[in-house]
Amino acid sequence: MGDPRAPRGAGVFFRNLVSQGGEMSKKKEQENGRLERIRHSAAHVMAQAVLEKFPGAKLAIGPAIENGFYYDFDLPRPLTPEDLEEIEARMREIIAEGYDFVQEEIDEEEARRLFADQPYKLELIDEILSGGMDEHGRPAEGKPVLSIYRHGPFVDLCRGPHVSNTKEINPKAIKLLSVAGAYWRGDEHRPMLQRIYGTAWETPKQLRQYLAWREEVEKRDHRRLIKELDLISFHEEGGPGLAYWHPKGGRIRQVIEDFWREQHRKGGYEIVFTPHIGRAQLWERSGHLDFYRESMYAPMDVEGVEYFIKPMNCPFHILMYKTRRRSYRELPLRWAELGTVYRYERSGVLHGLLRVRGFTQDDAHIFCTPEQIEDEVLEVLRFSLEMLRAFGFEEFQVYLATMPEKHVGEPERWEQAQNSLRKAIEAEGLPYEVDEGGGAFYGPKIDIKIKDALGRLWQCTTIQFDFNLPERFDMTYVGEDGKEHRPYMVHRALLGSLERFFGILVEHYAGAFPVWLAPVQAVLIPIADRHVDYAYSVANRLREAGLRVEVNDSSDRMQAKIRDAQMEKIPYMLIVGDREMEAGQVNLRRRDGEVPGAMAVETFIDLALEAVREHRPL
RNA sequence: GCCCACGUAGCUCAGUCGGUAGAGCACACCCUUGGUAAGGGUGUGGUCAUGGGUUCAAGUCCCAUCGUGGGCUCCA
């Protein structure tokens with residue numbers, strides 16, 4: 001099945017300033033166009049500054065992007081942070097010099113003369129003239145036009161648009177952020193260029209907000225939090241991209257898995273378990289050795305027979321399907337598995353929990369008849385949303401990907417599958433985009449992205465039809481007519497992978513998990529040693545009520561214990577001293593600083609269990 | 001995999017010009033027994049990622065490897 005994990009960087013969107021999560025107003029849209037012009041213009045100004053500093057610099061491309069801009073350069077030496085400061089300072093001067101941006105359309109000869117010492121520009125000119133690509137490598141429309149923009153001494157091959165004068169760029173609302181390597185044309189066989197990223201806004205306040213947002217992103221970085229909160233570790237000695245779940249991370253995972261299993265039971269799924277390795281011939285038949293081998297680990301030899309570690313669970317589920325003749329009467333079959341798979345990822349792409357080499361998919365396969373498709377798809381979509389909402393995600397963006405040119409399976413089946421997907425999305429009233437021809441070759445799919453607390457989008461859920469595997473494995477069921485038919489097969493993962501979803505959860509909650517997920521839900525804080533026994537007796541009652549509890553019986557002062565609990569982001573702190581012991585109470589302080597105060601132990605238990613039941617933060 | 005940067009105590013980091021390793025937190029022990037975000041003292045803890053090289057001398061300079069980070073790329 002498809003990779004349920006989002007492409008790198010898909011989560012990084014800064015929406016709070018521009019759209020506030022709502023629909024974009026006309027005014028905002030105009031502002032957006034203006035921002036884009038500012039950013040694109042800032043890229044040109046930066047290129048001028050770089051060219052002045054490195055007269056031999058070769059320019060590649062420099063577009064506006066979300067939140068800013070970049071420009072790629074071929075330079076004689078690597079850039080340093082000091083270079084960036086210098087370039088940024090020079091940019092401010094250029095802006096102050098107040099150059100007009102002037103567009104010109106020029107002919108080929110002039111273009112070639114103008115950019116004679118700019119090989120990348122010449123290559124772009126070739127491409128534009130051949131009608132293939134525009135300057136961003138996208139297919140161009142209409143007849144090729146060579147357009148340049150000048151401002152002051154600087155000229156660039158560019159379609160625009162730009163602001164009319166450099167002074168429209170607010171010098172206090174720009175900042176250069178980083179240098180990174182980037183291949184020319186994104187092609188690893190072509191030269192590696194240096195890319196400077198910058199950000200640009202209309203006002204200094206917007207810039208400050210954006211930088212503050214980036215700081216917040218950094219503060220919530222799951223790679224830091226999983227370490228600080230003692231949840232998960234990675235080990236050089238154990239190999240990169242392989243997560244180790246510590247006891248506290250394990251508790252959360254267990255809650256997630258238990259909840260997941262219970263939901264699936266209620267949703268009419270069966271839970272299955274399959275092996276971690278399978279014979280080469282299985283992967284040959286499934287097609288993985290032909291199409292997915294570069295993501296699979298090298299085979300191991302078992303008594304002269306090749307075995308592979310599974311990168312996916314589907315072939316195993318199909319083998320189970322085929323253990324006997326299936327009747328239409330037993331369909332749909334909904335088989336779910338928390339299946340741990342291993343995929344080779346190039347070392348450079350590994351990223352905390354968001355991109356790993358071994359992970360557990362919350363996978364399921366649905367086998368059904370054509371008549372059942374619509375209901376099944378609708379049900380899967382509902383089920384997905386219910387699951388995601390349970391974890392505190394409220395906003396979704398849905399993508400429907402349809403039949404690509406190269407595909408397997410009859411168009412009628414594709415048609416039916418796509419219609420069922422579309423109907424389901426519409427029935428749920430979700431905003432969605434259609435990616436025409438963007439489906440996998442084996443079937444159309446829906447991807448759902450969730451929006452986190454910082455407005456970033458993450459892809460977790462994927463629901464994919466598969467017209468390929470049922471054919472390859474010759475899967476059938478006996479219909480009402482006594483004849484054999486090909487079942488529909490749907491792959492789906494809701495959370496995607498537990499590792500990745502966990503990473504997203506950590507960032508979404510900034511490590512302060514809602515009570516039902518918190519590894520420690522309450523900590524007893526005895527004020528003095530004479531309260532420790534009482535604290536333990538209360539802790540036992542809480543444990544019996546099903547709560548995850550600890551007692552901080554160290555000789556620290558109460559204040560220090562509270563601080564420790566705050567740092568651990570424990571939802572409830574229960575202080576017990578003379579007064580509480582006397583009255584058989586606990587004195588509640590919540591993680592958010594609220595102090596509801598003294599209450600009977602039973603009262604606290606009720607309160608906590610209610611928060612657990614309702615998945616409340618506190 | 002590629003470009004660049006980084007790797008010093010469990011964690012966060014300092015370490016000057018190459019001259020024989022330091023802080024805070026954590027941990028252990030002792031004192032302290034307190035009322036809503038850090039009480040005090042003492043102590044343990046380092047093959048400076050690994051392996052080579054240069055040098056009288058390497059945490060420091062050079063090379064390689066491993067890992068991490070920012071990106072690129074790929075993503076059935």
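On the P atoms, G51(B) is 25 Å away from G15(B), given to the nearest whole Å. Between U16(B) and U8(B), the distance separating the two P atoms is 15 Å to the nearest Å. Using atom C1' as the reference point in both A5(B) and U47(B), the two lie 25 Å apart (nearest Å). Distance noted for atom C1' between C13(B) and G46(B): 15 Å (whole Å).
Counting non-hydrogen atoms under 4.0 angstrom, G186(A) reaches the backbone sugars and phosphates but no base. Residue R223(A) is classed as a sugar-phosphate contact, given heavy-atom separations below 4.0 Å to backbone atoms only. Within the nucleic acid shown, E594(A) has no heavy atom closer than 4.0 Å to any nucleic acid atom. Residue contacts shown for S347(A) include a base, since a base heavy atom lies under 4.0 Å away. Note on N587(A): a base of the nucleic acid sits closer than 4.0 angstrom, heavy atoms only.
Within residues 227-240 of chain A, the residues having any heavy atom under 4.0 Å from RNA chain B are, by residue number, K227(A), E236(A), P240(A).
Map A180(A) and S554(A) each onto its nearest nucleotide of RNA chain B; the residue landing nearer the 5' end is S554(A). Positionally, the nearest nucleotide of RNA chain B for S178(A) lies more toward the 5' end than for the other of R472(A) and S178(A).
Not a single donor-acceptor contact under 3.5 angstrom links the side-chain atoms of E294(A) to the base of G1(B). A donor N or O paired with an acceptor N or O is not found under 3.5 Å between the base of C4(B) and the side-chain atoms of R77(A). At a cut-off of 3.5 angstrom, the base of G1(B) holds at least one donor-acceptor pair with the side chain of Y183(A).
Atoms CG (D529(A)) and P (C31(B)) sit 11 Å apart, rounded to a whole Å. When the C1' atom of C75(B) is taken as reference, atom CZ of F291(A) falls 15 Å away, rounded to whole Å. Counting to the nearest Å, the P atom of G70(B) and the CG atom of D221(A) are 7 Å from each other. Atom CZ in R190(A) sits about 18 Å away from atom C1' in G1(B), given to the nearest Å. Straight-line distance from the CZ atom of R343(A) to the P atom of G1(B): 20 Å, rounded to whole Å. Between H246(A) atom NE2 and C11(B) atom P the separation is 11 Å, expressed in whole Å. Rounding to whole angstrom units, NZ of residue K219(A) and C1' of U12(B) are separated by 17 Å. Between the P atom of U68(B) and the CZ atom of R224(A) lies a distance of 18 Å, rounded to the nearest Å.
Without hydrogens or angle criteria, R500(A) side chain to Q459(A) main chain gives a donor-acceptor distance under 3.5 Å. The backbone N or O of S295(A) lies less than 3.5 Å from no partner atom in the side chain of R343(A), so there is not a single donor-acceptor pair.
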Problem - Paired and unpaired positions of RNA chain B as dot-bracket, Watson-Crick or G-U wobble under 3.5 Å, | denoting a partner strand - result: (((((((..((((.....[..)))).(((((.......))))).....(((((..]....))))))))))))....
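Residues Y442(A) and F467(A) place their aromatic rings such that the two centres sit no closer than 6.0 Å. Under the 6.0 Å cut-off for aromatic ring centres, W458(A) and F501(A) do not qualify, their centroids lying 6.0 Å or more apart. Annotation: Y244(A) is in aromatic contact with H235(A) [ring centroid separation under 6.0 Å]. Ring pair F73(A)/Y71(A): centre-to-centre distance below 6.0 Å.
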N/O to N/O distances under 3.5 Å, protein versus nucleotides 37-44 of chain B:
residue : atom : partner : partner atom : Å
A37(B)  : N7   : R589(A) : NH2          : 3.2
A37(B)  : N6   : Q566(A) : NE2          : 3.1
A38(B)  : N7   : R563(A) : NE           : 3.0
A38(B)  : N7   : R563(A) : NH2          : 3.3
A38(B)  : N6   : R563(A) : NH2          : 2.5
A38(B)  : N1   : R563(A) : NH1          : 3.2
A38(B)  : N1   : R563(A) : NH2          : 3.4
A38(B)  : N3   : R563(A) : NH1          : 3.3
G39(B)  : OP2  : R557(A) : NH1          : 3.4

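Residue V595(A) has its side chain nearest to U36(B) when only G1(B), G35(B), U36(B) are considered. Of the candidates G35(B), G71(B), G1(B), the closest approach to any side-chain atom of V349(A) belongs to G1(B).
Remark: R589(A) fails to qualify as a cation-pi partner of Y572(A) under the 6.0 Å distance and 45° angle criteria applied to the six-membered ring. Both tests pass for R195(A) against the ring of Y70(A): distance under 6.0 Å to the centre and angle within 45° of the axis. For the pair K449(A) and Y399(A), the cation sits on the ring face: its NZ or CZ lies under 6.0 Å from the ring centre, inside 45° of the axis.
At G70(B), one or more side-chain N or O atoms of H351(A) fall inside 4.0 Å of OP1 or OP2 (strictly under the cut-off). At the phosphate of C72(B), OP1 or OP2 sits under 4.0 Å from a side-chain N or O atom of Y197(A).
Using cut-offs of 30° and 60° for the angle between ring planes, the Y210(A) and W213(A) rings count as parallel. Ring orientation note: the planes of F367(A) and Y321(A) are tilted relative to one another, at an angle of 30° to 60°. The aromatic rings of H288(A) and W283(A) lie perpendicular to each other, with more than 60° between the two planes, well past the 30° mark.
Under the 4.0 Å criterion applied to side-chain N and carboxylate O atoms, R579(A) and E582(A) are not assigned as salt-bridge partners.
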Practice task
Given salt bridge (charged side-chain N to carboxylate O under 4.0 Å, His left out), test D221(A) with K227(A) step by step and report yes or no.
Solution key: CA-CA 10 Å; D221(A) 191 325; K227(A) 201 189 280 184; over 6 Å; no
